[in-house]
Amino acid sequence: MKTQVGIVGAGPAGLVLAHLLERAGIESIVLETQPRQYIEGRVRAGVLEQGTVDLLNELALGERMMRQGLMHYGIELRFKGRGHRIDFKQLTGGKGVMIYAQHEVIKDLVAARVAAGGQICFEAREVGLHEIDSENPVIRFTQNGAAMELQCDFIAGCDGFHGVCRDSIPSGVLKTYDREYPFGWLGILAEAPPASDELIYANHERGFALLSMRSPKISRLYLQCRPDEDLDEWPDDRIWEELHLRLATRDGFALTRGRVLQKGVTGMRSFVVEPMQFGSLFLAGDSAHIVPPTGAKGLNLAVADVRVLALGLEEFYRTGKRELLQRYSEICLRRVWKIQRFSWWMTSLLHKFGSDSEFDRRRQLAELDYVTSSLAASTTLAENYVGLPFELGQEPE
Ligand code: FAD
Ligand code: DHB
C-alpha cells in the first residue's frame, strides 16, 4: 500500500487530520488497532471548545453535533456551599462550549470518512514504524494475520499516550516533562436528568466533584478519588451519597439520581515531550502530551495540533517548502504549554491535595473568591475554557 500521509490512530487527532487533508486534496490512510465498535463506544471527554465546534462545522462534520449537542455559555464554580457563575458569553464576547461526547464525534468522523471513500484500516496489529529519519518512511503491521506494509511521505503519530509512535523516536532525542497527581477521577454515566443546566465544578473538603451531562436525560458525574481506587468499593449508592455531600449547597441542592450505565477510574497526569517531530514523523494529540481533565482540554488540544500539521503538509504539497513543517513542534508547543498551565491551575484550584495544610486550604478558598469576584480573573478563566485563539505565531527572522 502507498499513500501520502500514513496516520496511526483513529482518535480525534487522526480522524480530524484525515478530513483536513482530504479538504486540501492530500491522500491519507488511517491505521487503528481497535475495532470500529470499540472506538465508537469508548466513553471519554465531553466538552468541545468554540474553535473545535467551528472547525467541525467548516468541514461539514457538525450536523449531528449541532442537533444533539448542548451549547453552554457558562459554568458554575461551587465552594463553601454556594454557587458562582462564570459567564462565558459576557466575558469572551459571545463564545461558549459544546457538550457533545467524544465517542459521538468519533462516530461522525468515521461515518463521513467511510462515506467519502477514505480508508481506515481497523484492527491493524503489531504496528511498527521504519525509516522515519528518511523521506520514505514505512509502516508495517498485520491485519487478520497477514503482514502488511504502508509506504508514505510522512507519518502522523496520532496513537494516543500508550501508542508506539513516540517510542519509535531514537532515545536521546526527546525530552520529557511529567507530573503525576496524587488523585484520580471516578466517573459515572447515569440515566438521570442533569440537576443543573450548566456544568458545576465543586471544591469541597471531602474532595472535588463535577456535574456534567450528555443530554437532557443523561448525567455525567465525576468524584476525586485515589489514583488506584478499587471500583468494587464503590457500589452505586455510595457514589450517589458522596456526590450528594460534595455538591450540597446551603439552600438544599437536590441531585437527581438514576441507573448507573457506566463507571470508570481515570488517573491524572501532566506530560509533554519536546520536540513533537523527528524526521518524517509528527506526533499529535495524546501521543505527545497529556493534561489532567479538569480544564476539559485533551481532545481540543489534539485537534489544535493537527490543524497546524495539516497547514504544514498543505504548504509542502502546494509549494515544496517545509517552512511550516519545520516549525510544527515550536508552533504546537506554545499552545501546549499554555494549556498545561491552565489544566494544572484548574486542577490545583479545585482538588484536595493530601498534603494540604490549613494555610493551603485558606489560600485555595481565597483564590476561588478572587476568581469569582474579579472581572480580570474570571475573564482569564473564561477565555481559556472556551479556547485560546488558534495562532501560527511569528515567522522566524
Ligand atoms: P486517542 O483518543 O487516545 O486516540 C488514539 C487512537 O490510537 C486510539 O483509537 C487507539 O486505539 C489507537 N492506537 C493506539 N495504539 C495504536 C497503534 N499502535 N496502532 C494503531 N492505533 C493505535 N479529556 C477531556 O478533555 N475530558 C475528559 O473527561 C477526558 N476523559 C478521559 C478519560 C479517559 C479514560 C482517557 C483515556 C482520556 C480522557 N480525556 C479526557 C482525554 C481525551 O479523551 C484525549 O485527550 C483525546 O482522546 C486525545 O485524542 P487523540 O486522538 O490524541 O488520542
Ligand atoms: C467533562 C469532562 C471534563 O474533563 C470536564 O472538565 C468537564 C466535563 C465531561 O465528560 O462531560
Side-chain angles (χ1 to χ4, degrees), residues 6-18 30-36 38-49 52 69-70 72 75 97-103 105-106 109-110 120-129 139-143 150 155-168 184-189 194 198-201 208 210-215 218-222 262 264-269 271 283-306 339 342-343 346-347 350 385:
I7 301 177
V8 186
L15 291 169
V16 170
L17 179 62
V30 179
L31 304 181
E32 166 60 51
T33 209
Q34 299 290 345
R36 179 171 175 177
Y38 180 85
I39 65 163
E40 291 187 344
R42 191 164 42 185
V43 178
R44 284 185 164 185
V47 179
L48 308 182
E49 290 177 358
T52 305
L70 307 167
H72 282 196
I75 55 168
V97 294
M98 178 72 82
I99 309 302
Y100 188 61
Q102 178 167 334
H103 68 274
V105 176
I106 297 290
L109 296 178
V110 169
I120 308 175
C121 300
F122 290 102
E123 299 180 65
R125 300 276 150 79
E126 298 168 274
V127 176
L129 275 47
I139 310 174
R140 301 209 176 90
F141 60 102
T142 59
Q143 205 176 23
L150 175 63
I155 298 176
C158 302
D159 52 347
F161 186 65
H162 300 288
V164 295
C165 291
R166 190 177 61 246
D167 290 343
S168 308
W185 279 11
L186 193 167
I188 62 165
L189 198 63
E198 293 185 331
L199 270 59
I200 302 171
Y201 287 81
F208 170 72
L210 169 60
L211 182 152
S212 181
M213 60 206 70
R214 289 293 177 266
S215 75
I218 305 284
S219 296
R220 175 91 171 129
L221 297 136
Y222 298 95
Q262 195 261 357
V265 173
T266 319
M268 288 176 68
R269 73 191 310 165
F271 174 89
L283 302 176
D286 278 15
S287 72
H289 41 70
I290 295 281
V291 287
T294 328
K297 289 290 169 218
L299 183 163
N300 296 291
L301 191 53
V303 171
D305 285 351
V306 296
I339 302 299
F342 177 67
S343 303
M346 284 284 281
T347 303
L350 291 160
Y385 198 97

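All ligand and atom numbering here is 1-based and tracks the order in the structure.
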Quiz item: cation-pi between R166 and F161, 6.0 Å / 45°: yes

Closest to atom 11 (O) of ligand 2 (judged by heavy-atom distance), picking from A296, A45, S212, G46: S212

Which of the ligand 1 atoms, numbered from 1, are nearer than 4.0 Å to a heavy atom of G285: 52 (O)

Closest to atom 15 (N) of ligand 1 among T266, D159, D167, D305 (heavy-atom distance): D159

Contacting atoms of ligand 2, where contact means under 4.0 angstrom from a heavy atom of T294: 6 (O)

Side chain, backbone, both or neither: the part of I290 lying under 4.0 Å from ligand 1 by heavy atom: neither

Close approach of A124 to ligand 1, heavy atoms, under 4.0 angstrom: no

Close approach, Y222 and ligand 1, non-hydrogen under 4.0 angstrom: yes

Atom indices of ligand 1, in the order listed, that fall short of 4.0 Å to a heavy atom of K297: 25 (O)

R44: partners by side-chain contact (heavy atoms from CB on, under 4.5 Å), with sequence neighbours left out: R42, Q102

Sub-3.5 Å N/O-N/O distance, A13 and ligand 1: yes

Nearest-neighbour protein heavy atom for atom 6 (O) of ligand 2, which is reported as residue plus atom name and distance: Y201 OH, 2.7 Å

Y222, any N or O under 3.5 Å of ligand 2 N or O: yes

Atom 9 (C) of ligand 2 [closest protein heavy-atom partner, distance rounded to 0.1 Å]: R214 NH2, 3.4 Å

Sub-4.0 Å atoms of ligand 2 with respect to non-hydrogen atoms of V47: 7 (C), 8 (C)

For atom 5 (C) of ligand 1, the option (of G128, C158, P293) bearing the nearest heavy atom: C158

Q102: numbered ligand 1 atoms lying under 4.0 Å from its heavy atoms: 2 (O), 42 (C), 43 (O), 46 (C), 47 (O)

Contact check: W185 vs ligand 1, nitrogen or oxygen atoms, below 3.5 angstrom: no

R42 to ligand 1, any heavy atom closer than 4.0 Å: yes

Residue portion contacting ligand 1 (non-hydrogen atoms closer than 4.0 Å) for V127: side chain

Audit row: R220, Y222, side chain to side chain donor-acceptor pair (under 3.5 Å) steps and yes/no: CA-CA 7 Å; R220 175 91 171 129; Y222 298 95; 2.8 Å; yes

Atoms of ligand 1 close to Q34 [distance to a heavy atom under 4.0 angstrom, numbered from 1]: 11 (O)

Short N or O distance, D286 and ligand 1, threshold 3.5 Å exclusive: yes

Contact atoms of ligand 2, heavy-atom distance to L199 under 4.0 Å: 7 (C), 8 (C)

Minimum-distance pair of heavy atoms, taken over all atoms of A13 and V306: O-CG1, 3.4 Å

Those atoms of ligand 1 less than 4.0 Å from some heavy atom in I39: 9 (O)

Protein heavy-atom partner closest to atom 4 (O) of ligand 2 - residue, atom, separation in Å: P293 O, 2.6 Å

